[in-house]
There are 2 protein chains.
Amino acid sequence: MKDVAAAAGVALKTVSRVVNEEPGVNPATAERVLSAIERLGYRRNESARVLRRGRTASIGLVIEDVADPFYSGISRAVEDVALRHGSLVLSGSSGEEPRRERELVLTFCSRRVDGLIIVPAGTDHGYLRPELDAGIPAVFADRPGGLDVDTVICDNKGGAHTGVTHLIRHGHRRVAFLGDSASIFTAAERLYGYRRAVEDAGLPVDESLVAMGPPGRAGPALTRMLAGDDPPTAVFTGNGRITVAVLRTGHRLPMVGFDDFELADLLVPGVTVVAQDPARLGRAAAELLFRRIMGGPGAAERIELPTRLIPRGSGELRP
Amino acid sequence: MKDVAAAAGVALKTVSRVVNEEPGVNPATAERVLSAIERLGYRRNESARVLRRGRTASIGLVIEDVADPFYSGISRAVEDVALRHGSLVLSGSSGEEPRRERELVLTFCSRRVDGLIIVPAGTDHGYLRPELDAGIPAVFADRPGGLDVDTVICDNKGGAHTGVTHLIRHGHRRVAFLGDSASIFTAAERLYGYRRAVEDAGLPVDESLVAMGPPGRAGPALTRMLAGDDPPTAVFTGNGRITVAVLRTGHRLPMVGFDDFELADLLVPGVTVVAQDPARLGRAAAELLFRRIMGGPGAAERIELPTRLIPRGSGELRP
DNA sequence: GGGATCGATGACAACGTTGTCAACAGCGGG
DNA sequence: CCCGCTGTTGACAACGTTGTCATCGATCCC
């Protein structure tokens with residue numbers, strides 16, 4: 001900028017004015033400055049600008065894994081909203097490790113992001129306190145983070161309840177539940193919804209029909225159940241990865257899965273799912289965040305998005 | 001930092017030393033400083049640090065769309081490599097719009113990223129010249145960008161050639177090609193590979209069997225071909241999205257698709273594909289970039305990754 | 001014609017950090 | 001006892017930008 005000023009024969013401040021399109025610069029002068037900028041290939045140094053102004057025009061996004069379509073859907077939606085607000089997105093994958101999440105968040109904070117959107121990995125988010133107190137707004141997405149902070153989640157219980165009830169209505173009395181590790185909030189909620197649905201139908205909850213754990217374990221778990229004395233006649237899967245794992249086992253059991261996925265309609269039979277809307281979730285979280293960044297007042301909000309049952313065949317099979 | 005120094009009763013510089021774990025600080029003093037840091041919830045201001053030191057420890061990544069599994073695979077791999085180098089990833093989706101790509105790149109540059117990985121959207125990347133001259137290394141991924149810059153791409157021609165030849169070997173003499181818009185590098189290359197394969201087999205290239213355009217158009221195009229006088233007996237699809245579009249039409253034509261996708265093996269018949277490895281592509285690009293960032297010398301490299309034919313049934317059907 | 005107003009421009013400090021260099025105390029060797 | 005060395009600490013400038021305030025000539029109104 002100094003060089004530009006020298007080349008254009010004006011003061012530093014005038015260049016600054018031109019670059020920021022501030023009013024009150026003689027068009028002729030501005031023209032001279034612009035041509036000098038062009039000639040020298042000058043680019044404003046954003047770090048210095050941030051240092052001086054305090055606002056970075058960027059937000060941090062911590063998800064579990066960009067390569068998972070559910071999270072990349074969120075990611076894209078957040079990016080779009082950020083773009084509309086002239087903001088950039090710093091993002092990172094926590095891989096479900098609380099330590100990595102914490103690391104990412106702190107890195108983002110020391111880069112002075114204007115706000116954070118976090119898919120919480122662990123349960124203890126106390127490390128966020130100082131940041132929140134320092135005035136960095138945060139939004140939890142997909143799962144609550146245990147702090148009094150804006151949160152956007154799905155109706156996990158309700159969705160699972162709907163899906164399981166759907167199977168029961170089609171005549172199943174023994175529905176298995178295959179969920180992700182019980183330590184994950186969404187998995188626990190969905191399990192709760194499953195139990196409620198079974199109870200509400202007046203059926204006994206049989207714990208031998210429930211298996212929680214990482215997706216890789218779901219297939220074997222189902223196989224064991226089917227080999228038992230009183231096997232399930234249908235299965236409800238707790239998320240997209242588990243649904244796929246079960247499909248891959250080749251058991252052609254009637255099923256309903258949580259999470260929609262591409263090609264679910266092209267399999268035979270089509271896979272009935274309880275769909276979430278990741279784009280909507282991301283959008284809601286980002287909009288909430290920007291409202292806070294712009295000084296939106298009030299207590300922490302908690303938005304719960306609905307789910308939608310999409311019948312495609314696999315969930316309508318009778319025992 | 002000033003406050004920390006005051007609280008600990010030491011000079012600014014000493015706090016800086018502690019924060020950066022520089023040697024030559026009395027352990028007792030360091031302890032005092034650390035406790036002050038803890039007490040005040042101090043976080044180093046990265047902008048100021050960047051301003052002072054010149055290195056940002058972050059790289060920029062411009063892809064087409066995070067929500068596309070091919071690109072999110074790349075994204076994840078880049079993130080992992082960056083993590084190993086202690087670097088952060090700024091990323092953005094260009095949506096195949098050259099203007100947006102340019103905007104993103106320039107934004108990244110003014111934030112002084114240490115380097116760029118770009119999936120080029122347009123053909124004119126002249127706007128990058130000043131940045132390159134300013135010493136910001138860049139790597140083009142998936143497609144060349146028309147500049148003399150490190151580039152990592154797939155063997156598009158070879159992959160298409162292999163896939164089409166596979167169909168011909170199974171007795172097809174009229175193979176249709178459905179590709180993405182011809183202006184996209186990879187689409188053009190794959191078309192070229194298709195033509196070569198047809199010619200190499202001594203068959204006539206029939207332009208009425210070729211349709212290029214956005215994925216949404218692929219289905220209707222195929223339907224038109226099939227309604228013609230001399231319809232194709234098999235189809236080669238130019239990328240994952242087009243493959244899915246074709247599958248959705250319900251025509252059960254023998255086919256081979258470029259790009260692997262989840263569940264390709266669960267459809268009936270399984271979908272034979274020519275697979276790329278997005279993770280490997282992302283990793284290669286990122287490693288190349290970091291080598292440059294650390295001052296790796298020499299002329300621009302061009303890496304071409306192989307593809308792999310995965311037979312699953314749809315490509316082995318006879319006419 | 002004189003003072004007020006306005007438009008254009010510049011000088012300067014400050015943002016929070018780190019690199020450079022100097023200061024100072026304590027210590028051992030001659 | 002003096003010199004030089006080591007270990008520890010601090011003062012200060014600089015990074016590139018922007019906000020504040022001052023300057024200066026021109027214009028305008030009475």
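What you are looking at is a predicted structure, and each value in this text was computed from that prediction instead of being measured. Naming convention: chains lettered A, B, ... in sequence-line order (proteins, then strands); numbering from 1 in each chain.
- DNA chain D is contacted by both B:Pro23 and B:Arg112; B:Pro23 maps to the nucleotide lying nearer its 5′ end (nearest heavy atom per residue).
- Between A:Leu40 atom CG and D:dG16 atom P there is a gap of 14 Å when expressed in whole angstrom units.
- In plain terms, the two heavy atoms of A:Thr186 and A:Asp142 that are nearest each other are CG2-O, 3.5 Å.
- Regarding contacts with the backbone of C:dA8, every side-chain N or O of A:Thr29 stays at 4.0 angstrom or more from both OP1 and OP2.
- Shortest non-hydrogen contact noted between A:Pro144 and A:Arg302 is CB-NH1, 4.3 Å.
- Side-chain contact, B:Asp180 with B:Asn239: a donor N or O sits under 3.5 Å from an acceptor N or O.
- Minimum interatomic distance between A:Pro137 and A:Ile293 (heavy atoms only, all atoms of both residues): CG-CG1, 3.8 Å.
- OP1 and OP2 of C:dT17 both lie 4.0 Å or more from every side-chain N or O belonging to B:Arg53.
- For C:dG16, the base has no donor-acceptor partner in the side chain of B:Lys2 [N/O atoms by modelled type, under 3.5 angstrom].
- With no hydrogens or angles considered, a side-chain donor-acceptor pair links A:Thr56 and A:Ser58 at under 3.5 Å.
- One interatomic measurement links the two molecules: CG of B:Leu12 to P of C:dC15, which rounds to 11 Å at whole-angstrom precision.
- Atom CZ in A:Arg32 sits about 13 Å away from atom C1' in C:dG10, given to the nearest Å.
- Under 4.0 Å is where a charged nitrogen must lie from a carboxylate oxygen, and between B:Arg43 and A:Glu131 at least one such pair does.
- Distances shown here put every side-chain N or O of B:Asn26 at or beyond 4.0 Å from the OP1 or OP2 atom of D:dG7.
- Comparing the end axes of the helix from C:dG1-D:dC30 to C:dG30-D:dC1, each fitted to five base pairs by superposing C1' atoms of four pairs onto the next four, gives an inter-axis angle of 50° (nearest 10 degrees).
- When heavy atoms are screened at a 4.0 angstrom cut-off, B:Val19 is found touching no nucleic acid atom at all.
- Atom-to-atom, CE of B:Met1 to P of C:dA14 comes out at 18 Å; the value is rounded to the nearest Å.
- Picking from C:dT9, C:dT17, C:dT18 the nucleotide with the shortest atom distance to the side chain of B:Asn20 gives C:dT18.
- A donor and an acceptor atom never sit less than 3.5 Å apart when one is taken from the side chain of B:Arg17 and the other from the base of C:dG19.
- For B:Glu96 and B:Arg143, the salt-bridge test passes: some basic side-chain N is under 4.0 Å from an acidic carboxylate O.
- Rounding to whole angstrom units, CG of residue A:Asp3 and C1' of D:dG16 are separated by 11 Å.
- Between B:Glu22 atom CD and C:dT20 atom P there is a gap of 11 Å when expressed in whole angstrom units.
- For the pair A:Arg49 CZ and C:dG16 P, the interatomic distance rounds to 17 Å; values are reported in whole Å.
- The phosphate of C:dT9 has neither OP1 nor OP2 within less than 4.0 Å of any side-chain N or O from A:Thr14.
- For A:Arg52 against D:dT17, a side-chain-to-base donor-acceptor contact under 3.5 Å is absent.
- Residue B:Arg43 places no side-chain atom within donor-acceptor reach of the base of C:dG16, judged by atom type and a 3.5 Å distance cut-off alone.
- Per the geometry, CG belonging to B:Leu51 stands 14 Å off P belonging to D:dA14, to the nearest Å.
- Salt-bridge check for B:Arg283 with B:Asp80: failed, with every basic side-chain N at 4.0 Å or more from each acidic carboxylate O.
- Between A:Pro27 and A:Lys13, it is A:Pro27 whose nearest contact on DNA chain C lies nearer the 5' terminus.
- At least one side-chain nitrogen or oxygen of A:Ser16 sits closer than 4.0 Å to the OP1 or OP2 atom of D:dT18.
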